[in-house]
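Reviewing the structure listed below.
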Amino acid sequence: MQRQSALLLLLSGLALGACGSGSPDTRDGSTSPPPTVPPPVQTPGYKVSVAVSPQPDYSNRYVDRANIIDGLRMVPSGVVFVTGMDGRRRTIIFPSLFFQDPQLPAFELLQNDQQTYELTRFLPVTMGTSRAWAAIDPGASSKKQYVVVDHGPEYASGYETWPFGHVWTLTDSGNGFEAKQVSTVPGFYHSVTVLDVDRDGREDIVASNMGVKAGGIRRSIHLFRQQSNGDFVQDADFMPAINFDGTGAVGNGDLDGDGTAEIVQANYLSDGGPNDWGGVRIWRRSSGAQYVAAVTLPRDGLFQLMGATQLVTVDYDADGDLDLLVSLEGQTPDDQSQRYTGHGVELYRNDGSLRFTRVTGAVFSPNYWSSRRMSYRELAITDFNLDGRPDIFLQLNGGLLDFDGTINLGQAILINAGGTRYTALDGNAQLKVSLPLGNASRGPLYLRYISNAGDTNHLFGMLADGRPFTITVRYSL
């Protein structure tokens, strides 16, 4: 009984010490500090901001300004993001009327600290249909250089008169960017990649084409070797074994881990002819700076109805091996009423030994979209949610953009979920963006990926009235 009374007294004392109005006593007579209040929990999420530029004055000495505005919508891939020797970012745009003349001059937009743009000058160069571009490593030089490929206008008079395109470089050696034509015979250039083919320390240009004028080299991949003076000269002896076919896209990457990059080509729409070799082909470097066909993947999945517009080497599952991601255009399985009804992707997993498995169905659902819902030709690889895995942004040029000034960016953002699935963020309300259309008669013309810096991704767009804008997407953990 005494033992129980003592226990009750002890518990009562503890209760009073915890619940009483005074501060608890300590052995030295001091007062304990108040309990620490934890900071509020931060919920991961996206913050989106928009900066719309004033409408540039498109007046120029080459064509009527109305032609420039009309030509902005036709070639969204003709938007090149460059950084000059002064460290400032620029966007060079190659507008086109696509089916008809006049040919339109390129122009340069200079980006300021507020993420808006001002038109600084027109360039004396035209491209009927600029299709792709890539940065060229300047090596020991301090110049800034890029390559742009063009397949030329698609005149409504008929493809028998095509092609009219060329390969170009954009170079800033200290006095601003200047354009220089690299190819000599017109071609239907559709894609480009850069790599050091001959191991001389200088990056060369590898471009795919779907046809050349008389006198041109009738191979679907052309090499332009960089010379010691920085010029590029076509190599007529490169890859003599390759067929002359409709290659839609070309890329490169070290796919087998031997320290040397392979060249990868992806086929365009099938014509049913004898040269239709399959969907994707990998060329491996052999002796003498030549490349031989090492792997051919068949026309599986969307390749049966579509053709490639872009090929990216990316380690989507973080296993240390580069995989193959292809963007395509053509007919969807749901709609074959005309030649082009949608867009899609195909994914091939690499085991590190040049053995590839098509995993599209397991990783993407869906893997194609109607042009009416989401139109795009190229995609961009970035990291939206800071998990270190490659996410995808579908670079829009229709569908979601056609109706009003509200864009659900989440439908075009595909998040890499642990290297096993890509999932769209279409249900994320934080990614719905409203644009001030002003007097524009329709929504934005296109939306392109610019760059990633830490927790922030930058996108570039153009309104129908010719006003450039940027969207900044920031993710907070």
Donor-acceptor contact present, side-chain T313 to main-chain N252, <3.5 Å: yes

Pairwise side-chain contact, R65 with N67, heavy-atom cut-off 4.5 Å (strictly under): no

Heavy-atom donor-acceptor pair, Q430 side chain to V48 backbone, under 3.5 Å: no

Any V197 side-chain heavy atom under 4.5 Å of L223 side chain: yes

Close side-chain approach of F99 and M74, heavy atoms under 4.5 Å: yes

OG1 on T420 to OH on Y316, rounded to 0.5 Å: 8.5 Å

Between Q111 and Y117: side-chain donor-acceptor atoms closer than 3.5 Å: yes

Residue pair L170 / Q145, side-chain heavy-atom distance below 4.5 Å: no

Test log, rule side chain to side chain donor-acceptor pair (under 3.5 Å), inputs T360 and N367: CA-CA 7 Å; T360 313; N367 72 311; 5.2 Å; no

Partner of Y422 under ring-ring contact (aromatic ring centres under 6.0 Å, His included), chosen from F364, F384, F393: F364

Backbone of S434 reached by a side-chain donor or acceptor of T406 within 3.5 Å: no

Min side-chain heavy-atom separation T169-Y146 under 4.5 Å: no

Salt bridge (charged side-chain N to carboxylate O under 4.0 Å, His left out) pairs, two or more places apart, involving residues 122-147: none

D101, I68, T126 screened by side-chain contact (heavy atoms from CB on, under 4.5 Å) with V63, the one that passes: I68

Qualifying side chain to side chain donor-acceptor pair (under 3.5 Å) pairs, either residue in residues 53-62, two or more places apart: D57-S59

Sidechain-backbone polar pair: T83 side chain, R88 backbone, donor-acceptor under 3.5 Å: no

Distance-only polar pair, side chains of W283 and E262, donor-acceptor under 3.5 Å: no

Side chain proximity check, H222 to N209, heavy atoms < 4.5 angstrom: yes

Pair Q304-R299, side-chain donor/acceptor within less than 3.5 Å: no

Any donor-acceptor N/O pair, T309 side chain to S327 backbone, under 3.5 Å: yes

N/O donor-acceptor pair under 3.5 Å between E178 side chain and T171 backbone: no

Euclidean distance, D323 CG relative to Y348 OH, rounded to 0.5 Å: 12.5 Å

Sidechain-backbone polar pair: H343 side chain, S370 backbone, donor-acceptor under 3.5 Å: no

Cation-pi check, K180 onto F232 ring (under 6.0 Å, within 45° of axis): no

Distance-only side-chain donor-acceptor flag, Y268 / E329, under 3.5 Å: yes

L425 versus N408, closest heavy-atom pair with distance: O-OD1, 4.5 Å

Worked check of side chain to side chain donor-acceptor pair (under 3.5 Å) between Q331 and T341: CA-CA 5 Å; Q331 298 174 333; T341 60; over 6 Å; no

Salt bridge present between R349 and D319 (N-O < 4.0 angstrom): yes

Pair Y449-H458, side-chain donor/acceptor within less than 3.5 Å: no

Check: R121 side chain, F107 main-chain N or O, donor-acceptor pair, under 3.5 Å: no

Pair T382-N457, side-chain donor/acceptor within less than 3.5 Å: yes

Pair E108, T120: side-chain N/O donor-acceptor within cut-off below 3.5 Å: yes

Donor on one side chain, acceptor on other, N229 and Q227, under 3.5 Å: no

Distance-only side-chain donor-acceptor flag, Y368 / D334, under 3.5 Å: yes

Basic-acidic side-chain contact under 4.0 Å: R358, D300: no

Donor-acceptor under 3.5 Å (E346 side chain, L302 main chain): yes

Residues D200, R202: salt bridge by 4.0 Å N-O rule: yes

CD1-CD1 distance between I221 and I242, expressed to the nearest 0.5 angstrom: 3.5 Å

Salt bridge R90-D172, side-chain N to carboxylate O under 4.0 Å: no

Q181 side, atom CD; M127 side, atom CE - distance, nearest 0.5 Å: 9.0 Å

Residues R389 and D383 bridged, charged N to O under 4.0 Å: no

Evaluation steps, side chain to side chain donor-acceptor pair (under 3.5 Å), between S451 and R89: CA-CA 11 Å; S451 63; R89 291 185 174 183; 2.8 Å; yes

Closest contact, heavy atoms only, L97 versus P102: CD1-CD, 3.6 Å

Spatial distance of atom CG (L414) from atom CG (L379) [nearest 0.5 Å]: 8.5 Å

pair D204-V194: side-chain heavy atoms closer than 4.5 Å: no

Expected output: side-chain W162 to main-chain H151 donor-acceptor under 3.5 Å: no

Separation between CG of L311 and OG1 of T193, rounded to the nearest 0.5 Å: 9.0 Å

Residues, nucleotides or ligands: over 12 heavy atoms within 6.0 Å of R73 CZ: no

Verdict with reasoning, R474 to T456, per side chain to side chain donor-acceptor pair (under 3.5 Å): CA-CA 4 Å; R474 178 175 287 109; T456 304; 3.2 Å; yes

Validation row: F224, S183 side chains within 4.5 angstrom (heavy atoms): yes

